[in-house]
Amino acid sequence: VGPSDDAAEYRVLAFEDSYDIRALLKNADVRMGHFEQRWSSENAVEVLREFGRVDVLLLDFYLPPVTGLTVLQQVNEAVLAGAIERPRHVVGMSSVSSCNNRLVAEGADAG
């Protein structure tokens, strides 16, 4: 995740059902600490809670059983309720720019 000195300690959680994000990041020589990928959005807030500190949350838009937009809305609600801490960075990863724009409008940092 960029040239940051602490990138090797980053905790990255990805919700993506089609591509192996770990392989993509590794091939791009992206430094990170702990990485986990979920291939569905089932129980997303619980997954975040169990994961602990999330430095980078990567969200695909089209995920089963609910979209990345719905996941982000659920995350925002859980943050407001004090159930979880907001991820340091939230990044939308759709190949459709309008979907990324919707994630940014809902509070993602980039899309």
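- Residue Thr67 holds its OG1 atom at 7.0 Å from CZ of Arg102, rounded to the nearest 0.5 Å.
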(Q) I'd like to know whether Glu106 forms a side-chain contact (heavy atoms from CB on, under 4.5 Å) with Asn76, so could you lay out the CA-CA distance, the side-chain angles of the two residues, the decisive distance to 0.1 Å, and finally the verdict. (A) CA-CA 9 Å; Glu106 191 62 37; Asn76 290 340; 3.7 Å; yes

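- When every heavy atom of Trp39 is checked against every heavy atom of Tyr19, the shortest pair comes out as CH2-O, 3.5 Å.
- When hydrophobic clusters are built by joining Ile, Leu, Val, Met, Phe, Trp and Tyr residues whose side-chain heavy atoms come closer than 4.5 Å, directly or via intermediates, Val104 is not grouped with Leu69.
- Hydrophobic cluster membership is shared by Phe51 and Val90, with clusters built from Ile, Leu, Val, Met, Phe, Trp and Tyr side chains linked at under 4.5 angstrom.
- In this structure a side-chain-to-backbone donor-acceptor pair under 3.5 Å is missing from Asp109 to Val91.
- Between Pro87 and His89 the shortest side-chain heavy-atom distance does not fall below 4.5 Å.
- For the pair Leu48 and Phe15, the minimum side-chain heavy-atom distance is below 4.5 Å.
- Within 6.0 Å of atom CD in Glu85, 12 or fewer heavy atoms from other residues, nucleotides or ligands are found, so the atom counts as exposed in its surroundings.
- Separation of the His34 and Tyr10 ring centroids does not fall under the 6.0 Å cut-off.
- Residue Ala78 comes nearest to Val45 through the heavy atom pair CB-CG1, 3.7 Å, listed as atom of the first residue, atom of the second, then distance.
- For the pair Asp60 (side chain) and Leu63 (backbone), a donor-acceptor distance under 3.5 Å is absent.
- Listed by chain and number, the residues in a salt bridge (Lys or Arg N to Asp or Glu O under 4.0 Å) with Arg53 are Asp55 (sequence neighbours excluded).
- For Ser41 (side chain) and Ala44 (main-chain N/O), no donor-acceptor pair under 3.5 Å exists by modelled atom type.
- Under the 4.5 Å side-chain heavy-atom criterion for Ile, Leu, Val, Met, Phe, Trp and Tyr, Leu57 and Met93 are members of distinct hydrophobic clusters.
- With hydrogens and angles disregarded, a donor-acceptor distance shorter than 3.5 Å links the side chain of Arg22 to the backbone of Phe35.
- Residues Tyr62 and Asp17 have side chains not in contact (no heavy-atom distance under 4.5 Å, counting atoms from C-beta outward).
- Closest approach of Glu42 to Pro65, counting heavy atoms only: N-CD, 3.6 Å.
- Linking ILVMFWY side-chain heavy atoms closer than 4.5 Å, directly or via other members, places Val54 and Val12 in two distinct hydrophobic clusters.
- Distance check, rounded to the nearest 0.5 Å: CD of Gln74 to CD of Glu46 gives 12.0 Å.
- Taking OG from Ser94 and CZ from Phe61, the interatomic distance works out to 7.0 Å, rounded to the nearest 0.5 Å.
- Criterion: ILVMFWY side-chain heavy atoms under 4.5 Å apart, direct or through other members. Under it, Val66 and Leu103 are part of a common hydrophobic cluster.
- Distance alone, capped at 3.5 Å, is enough to place a donor-acceptor pair between the Gln37 side chain and the Ile21 backbone.
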